[in-house]
Amino acid sequence: RQGVRRALPTADHLLISDIDNTLIGDPAGLATLMEWLREHPRVAFGVATGRNLRQTMEILAEHQVPRPDICITDVGTRIIYGSKLREDQDWAAHLHYRWWREGVLQALAKIPGLRLQEKFTQSAFKVSYYVDPKRPPTAKDLQHRLRERQIAAHVVLSHNRFLDVLPIRASKGHAIRFLAFRWGLPLRAVLTAGDSGNDADMMGGEICGVIVGNHSPELHGLRDKHHIYFASAHHAWGILEGIQHYRFPGQAHA
Ligand code: GLC
Ligand code: MG
């Protein structure tokens, strides 16, 4: 079951899905999507998740998902390839720009409604907090505190519960654009699927975005955006609905 499904350089389309509440959540939908991927060898398959690599491998194994061609983990701050889990070092090098992890921790240390997540969720380019939904800090306040320390960071809220602070160049969407460029795939050959805040920037522009029916409210703002399809079906069935909507993959892109 494990192993590279297909060599990334030979694929001419890319399907990238969030894991929790998008890819995973409905076993029959997931099995149908996996079958679809087997029938479409031109489509490389990736996941993009807030989980770290170990947690990613665990949940995929638990649900018998074959190892993806690409794993974008830690909310876009790591790109890992193939069955040998090779890290894209160039991506890591790219993220150092104006990143100061210690400064982020200091700047956001004493904010009511913010509490650091467990140690295993933290990584070199990701500082993650729990948000108290009763008194969530405003994005403006957070940005202000970061800017006071000359930190340019990307602040992402998901499910009104998780807050991730990432290097300014990091996000799931930035990672996908980097990949497409690196592997010579036009963005119109990429389909992404997600359900919550950290998925928002994987969508839109030329990328074909699919938001599954069971999405969280923070994505409502994307409703009128071009190239973002709100599926009615939930979880992996929603991804399949999106695939149909876009008639993905279309023509081969030479
Ligand atoms: C996952 C990660 C967590 C992160 C959240 C939202 O749950 O474990 O650290 O905050 O995704 O991106
Ligand atoms: Mg999710």
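Numbering of residues begins at 1 and proceeds along the displayed sequence. Read the numbers this way: they start at 1 and go in the same order the structure lists the ligands and their atoms.
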- Message: Below 2.8 Å, can you find an N, O or S atom of Asp195 next to the Mg ion (ligand 2)?
- Response: yes
heavy-atom search around atom 2 (C) of ligand 1 in the protein gives Gly50 O, 3.2 Å
Residue, atom and distance of the protein heavy atom nearest atom 10 (O) of ligand 1 read Asp164 OD1, 2.6 Å
### Task
Evaluate ring-ring contact (aromatic ring centres under 6.0 Å, His included) for Phe125 paired with Trp91, printing each intermediate quantity in order.
CA-CA 11 Å; Phe125 297 114; Trp91 181 239; 9.2 Å; no
In ligand 1, the atoms that come under 4.0 Å of a heavy atom of Val75 are 12 (O)
Note: ligand 1 atoms sitting under 4.0 Å from heavy atoms of Asn198 are 6 (C), 12 (O)
Is the ring pair His94/Phe178 parallel, tilted or perpendicular, if the boundaries are 30 and 60 degrees?
tilted
Q. Aromatic rings Phe162 and Tyr130: how do their planes relate, parallel, tilted or perpendicular, breaks at 30° and 60°?
A. tilted
Of all the N, O or S atoms in Asp20, the one nearest to the Mg ion (ligand 2) is O
The Mg ion (ligand 2) -> Asp18, closest N, O or S atom is OD2
Quiz item: Is there any N or O on Gln117 that sits under 3.5 Å from an N or O of ligand 1?
Solution: yes
**Prompt:** N/O of Lys126 under 3.5 Å from N/O of ligand 1, yes or no?
**Reply:** yes
Testing the 3.5 Å rule here: is there a donor-acceptor pair between the side chains of [X] and [Y]?
X      : Y      : answer
Asp201 : His174 : no
Lys140 : Thr138 : no
Thr73  : Asn52  : no

From the list Glu218, His159, Lys172, side chain to side chain donor-acceptor pair (under 3.5 Å) with Asn198 holds only for Lys172
